[in-house]
Structure formats: C-alpha cells, structure tokens
Protein chains: 2
Amino acid sequence: MKKPEEQFLDYLARKRLKNTSQRMTILKAFLRQKSHLSTEDFYLQLRKKHPGIGYATVHRTLKLFSECGIASERNFGDGQMRFEVNLGNEHHDHLVCTDCGRIIEFEDQQIEKLQRDIAHKHNFFIKDHRLELYGLCSDCHATGQQSVS
Amino acid sequence: MKKPEEQFLDYLARKRLKNTSQRMTILKAFLRQKSHLSTEDFYLQLRKKHPGIGYATVHRTLKLFSECGIASERNFGDGQMRFEVNLGNEHHDHLVCTDCGRIIEFEDQQIEKLQRDIAHKHNFFIKDHRLELYGLCSDCHATGQQSVS
DNA sequence: CACGATATTGAAAACGGTTTTCAACCTATA
DNA sequence: TATAGGTTGAAAACCGTTTTCAATATCGTG
Ligand SMILES: [Mn+2]
Ligand SMILES: [Mn+2]
Ligand SMILES: [Zn+2]
Ligand SMILES: [Zn+2]
C-alpha cells in the first residue's frame, strides 16, 4: 500500500494537476484529523491555522482525495457529506449514534458474505454497498436518557 | 393491520388535522403509484390528473404519510428523498441498480440477526438501520454494458 | 344553515449544503 | 523569464427541501 501523500502526488501528476501549497496544507491537515468530518467542520478546523484557504478549495481538494483513493465520501443521512481517510483498503461499515454523533466502525465478513449471496440470488452485480446502524452508543444509552434538546 | 386510508384518517383526527380533498387525492394516487418515487416524480405524475395541487401540498402530505406510518422515507444517495408505501409492517432492504434505477427489495433474517449481534457487542442500542447494495441489475448486467450516457 | 376559530392551500421566497463562475494569481516547463 | 494552462477565494448559482403568507376551506357549535 502506497503512502497517502505519494498516492495523491501521483494522481496529480497523472492528471497533469498542480502541486500547490493549499493542496499540501489541506492534505496534511486531513491526514491528521479524526475521520467522518463534514466538509464544513473540516474547513472550520483548518481555518484556525490557515485562515487564507477558502471553502471552495477545501471542497475541491477533498473531492480530489476521494478520486485518488486516499479518502472516502460518506453520507449518514444528515444532509452533510463526510470524508474519511482510507487506512489500508479494508472496507467497513458504521454504527452512528443519533444522540452524540459518535461513529463506530465495524467489519463483519459473515454479513458481507450474505450480501454477496443475496446479490447472486437476484443476478445482481454489486459495485458498492452501505450498511449503517443508527441508534444510541454505549455512553448515550447508559444514562437511559437522550440529551435534552 | 389497519388499512392505510383508515390509518391516515385516524392520524388526522388524533392530531386535529383536517380531511381535505387534496389530501384524499394525494393519498389515493400514492397508494396506486409504484413505490420509491421521489417527491418530484410523484408530483409530476399527480399533476397530469390533478393540475391544481401544488408541490408544497404534495410534499407536506407525503410527510404526513410518513408520520402516520403508512409510508417510509428512503434516501438512496442521489440527493432526492423517496417515499414508499408500507405494505404490512415488515422491514426490508434494497438492491439499487445504478444504471436503470430499478429497486429490488429483499429481507434477510440472518443479516438482521448479525446486525443485532454487532450492536450488542458494542453495547449499542439500534433504533434503525439501512442496508443498500448498489450495482447492476440482471437486465443491465446481462448486456455487459452500462447505458451510453 | 351560518358563524367563527383554526387549519390548509398554492405560489413564491427562503433555506442550506454543494458546486460553479470568474478574474487574479500561481506553477511547471522550456 | 516567458508562456500556457491550472488554481485560487469570493461570490453567485444551483437544487432539492422547507417555510412564509394571504386567500380559502374545514368543521364544531349555535
Ligand atoms: Mn469509517
Ligand atoms: Mn422498499
Ligand atoms: Zn452517543
Ligand atoms: Zn438496471
């Protein structure tokens, strides 16, 4: 597995795109951030240290990360696109706490197998899938209460 | 299981909402339509026979259907909200053809069980989940070609 | 039935996240 | 350094969803 930095630079070269200071700044920040951040949240974080970089550039660069394979776009149904770093290339799915927003990742080979079985049964060619479990994480469940809103 | 019409009328009564001709027209049309239609598509269909009914009313009424339990909102990641009639109350998941838009429904108790196991393992309380398999349906796969776009 | 309180309607505007536009600017190459 | 062409940030456009608002309809009550 190539390092993310390398993978991104290779992609830029391949597509005759340019290596700019903004792109490198965003890349470093992105690799350091916790994952599953929305574009907006990531931008707000970044802006603290790099107030000169515009939202549009952040947005475009995150899309580049996704195109070159070092990031994945996620959509947890709250109307915001989220991005996460691809560590290795293992697939995983998510538990999403609807109270505190916590995201827990999981992988289950049995489920993946059963999905392939279903697709096969319908003569369906799977290109991608998404499995998300929504509910309350251990912290939010423990109290027996959802946060007062 | 109560009939959808009845369930909707009960809901209106319970919430002290009014039984209007628009709502009844939309209800009848909705129960007749094929499921998984976007608000826009449903509205365009409806407008052919009932040009007087506005988009806002359609939108609001579909939300009412969802609230009273006779419909479910779906989001297949194309940026459009979709609605489907709840036949009975059985849960199901979807195969989504990314080429022709065909939706195939399925239900798999093994997967549901494994999901509960995962939630339990993380001490997570599941309120809802979504599982969608994206790819090519048998028709679109058979040709070996995606449609020329 | 008529009244009046209250809910509903359709058109248009507002909303919110995403994407594009554009003129100034930068990068890579020679 | 000169040039071609990609990049940038701000602002505007976009697009599906939701709200606003004045006119209208519903429905319990007299
Ligand atoms: Mn993840
Ligand atoms: Mn369905
Ligand atoms: Zn939580
Ligand atoms: Zn298809």
Side-chain angles (χ1 to χ4, degrees), chain A residues 8-30 36-68 71-83 101, chain B residues 8-30 36-68 71-83 101:
Chain A
F8 182 54
L9 291 173
D10 284 1
Y11 182 78
L12 293 183
R14 192 148 25 94
K15 291 268 188 163
R16 268 109 191 126
L17 302 177
K18 289 173 180 172
N19 181 348
T20 66
S21 67
Q22 288 93 334
R23 282 176 177 164
M24 289 308 116
T25 300
I26 293 168
L27 176 59
K28 282 187 202 121
F30 182 64
H36 312 115
L37 243 50
S38 68
T39 309
E40 178 73 13
D41 288 347
F42 177 67
Y43 167 68
L44 291 178
Q45 282 302 316
L46 185 79
R47 198 168 66 168
K48 292 177 187 170
K49 298 276 176 142
H50 303 279
I53 298 182
Y55 182 92
T57 300
V58 169
H59 169 262
R60 289 184 287 228
T61 304
L62 290 174
K63 295 242 121 181
L64 285 179
F65 293 167
S66 173
E67 288 168 28
C68 80
S72 294
E73 299 185 26
R74 299 285 184 181
N75 171 356
F76 295 143
D78 63 349
Q80 305 235 141
M81 188 175 297
R82 290 162 187 281
F83 289 86
Chain B
F8 182 55
L9 291 173
D10 285 0
Y11 182 77
L12 293 183
R14 193 148 23 95
K15 292 268 188 163
R16 269 112 189 122
L17 303 177
K18 288 171 181 172
N19 181 349
T20 67
S21 68
Q22 288 93 333
R23 282 176 176 163
M24 288 310 116
T25 301
I26 294 168
L27 176 60
K28 282 188 200 119
F30 182 64
H36 312 115
L37 242 51
S38 68
T39 310
E40 177 74 14
D41 288 346
F42 177 68
Y43 167 69
L44 291 176
Q45 283 301 316
L46 185 80
R47 198 169 64 167
K48 292 177 186 169
K49 300 274 176 143
H50 303 278
I53 298 182
Y55 182 92
T57 300
V58 170
H59 169 261
R60 290 183 285 226
T61 304
L62 290 174
K63 295 242 120 181
L64 285 179
F65 293 167
S66 172
E67 287 168 29
C68 79
S72 293
E73 299 184 27
R74 298 286 184 180
N75 170 358
F76 294 145
D78 63 349
Q80 306 234 140
M81 189 174 296
R82 291 162 186 282
F83 289 86

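As a basis for the values below, the full set of heavy atoms in this structure was taken, side chains included, without hydrogen atoms, waters or symmetry mates. First the proteins, then the strands, lettered A, B, ... as listed; each starts at 1.
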(request) Taking the six-membered ring for Trp and the full ring for Phe, Tyr or His, determine whether the centres of F65(A) and F8(A) are under 6.0 Å apart. (result) yes

(request) Fit a plane to each ring of F30(B) and F83(B), take the angle between them on a 0 to 90° scale, and name the class: parallel (under 30°), tilted (30 to 60°) or perpendicular (over 60°). (result) perpendicular

(message) Check this one for me: any side-chain N or O of Q22(B) less than 4.0 Å away from OP1 or OP2 of dG10(C)?
(response) yes

(request) Starting from P on dG10(C), measure out to CZ on R23(B) and report it in whole angstrom. (result) 11 Å

(request) Write down the distance between CG (L9(A)) and P (dT27(C)), rounded to a whole number of angstrom. (result) 14 Å

(request) Check every nucleotide of DNA chain D for an atom under 4.0 Å from a heavy-atom of chain B, then give the first and the last such nucleotide from 5' to 3'. (result) dG16(D) to dC27(D)

(request) Using modelled atom types only, decide if a donor and an acceptor are shared between the side chain of R23(A) and the backbone of L64(A) within a distance under 3.5 Å. (result) no

(message) Tell me the interatomic distance from L62(A), atom CG, to dG17(C), atom P, rounded to whole angstroms.
(response) 16 Å

(request) Please check if the side chain of T57(B) supplies one atom and the backbone of I53(B) the other of a donor-acceptor pair under 3.5 Å. (result) no

(request) For K15(B), answer base if it contacts any base atom (sugar-phosphate contacts may also be present), sugar-phosphate if it contacts only those atoms, and nothing otherwise; contact means non-hydrogen atoms under 4.0 Å. (result) nothing

(message) Salt bridge check, K15(A) against E67(A): does any charged N sit closer than 4.0 Å to a carboxylate O?
(response) no

(request) Using whole Å, report how far CZ of F76(A) lies from C1' of dG17(C). (result) 17 Å

(request) Find out whether T39(A) and Q80(A) are in side-chain contact, i.e. whether some heavy atom of one side chain is under 4.5 Å from a heavy atom of the other. (result) no

(request) Respond yes when some side-chain nitrogen or oxygen of R16(B) is under 4.0 Å from OP1 or OP2 of dT6(C), and no when none is. (result) no

(request) Measure the distance from CD on E73(A) to C1' on dT19(C) and round it to the nearest whole Å. (result) 13 Å

(request) Could you point out which residue of H50(B), K48(B), K49(B) forms a side chain to side chain contact (heavy atoms under 4.5 Å, CB included) with L46(B)? (result) H50(B)

(message) Please enumerate all residues that pass salt bridge (charged side-chain N to carboxylate O under 4.0 Å, His left out) together with K28(B), with sequence neighbours excluded.
(response) none

(message) Rounded to whole Å, please give me the gap between NZ in K18(A) and P in dT27(C).
(response) 9 Å

(message) Main chain of V58(B), side chain of R60(B): is a donor-acceptor contact present, judged purely on distance under 3.5 Å?
(response) no

(message) Counting only heavy atoms and a strict 4.0 angstrom limit, can you tell me which residues of residues 41-61 of chain B come near DNA chain C?
(response) G52(B), I53(B), G54(B), A56(B), T57(B), R60(B)

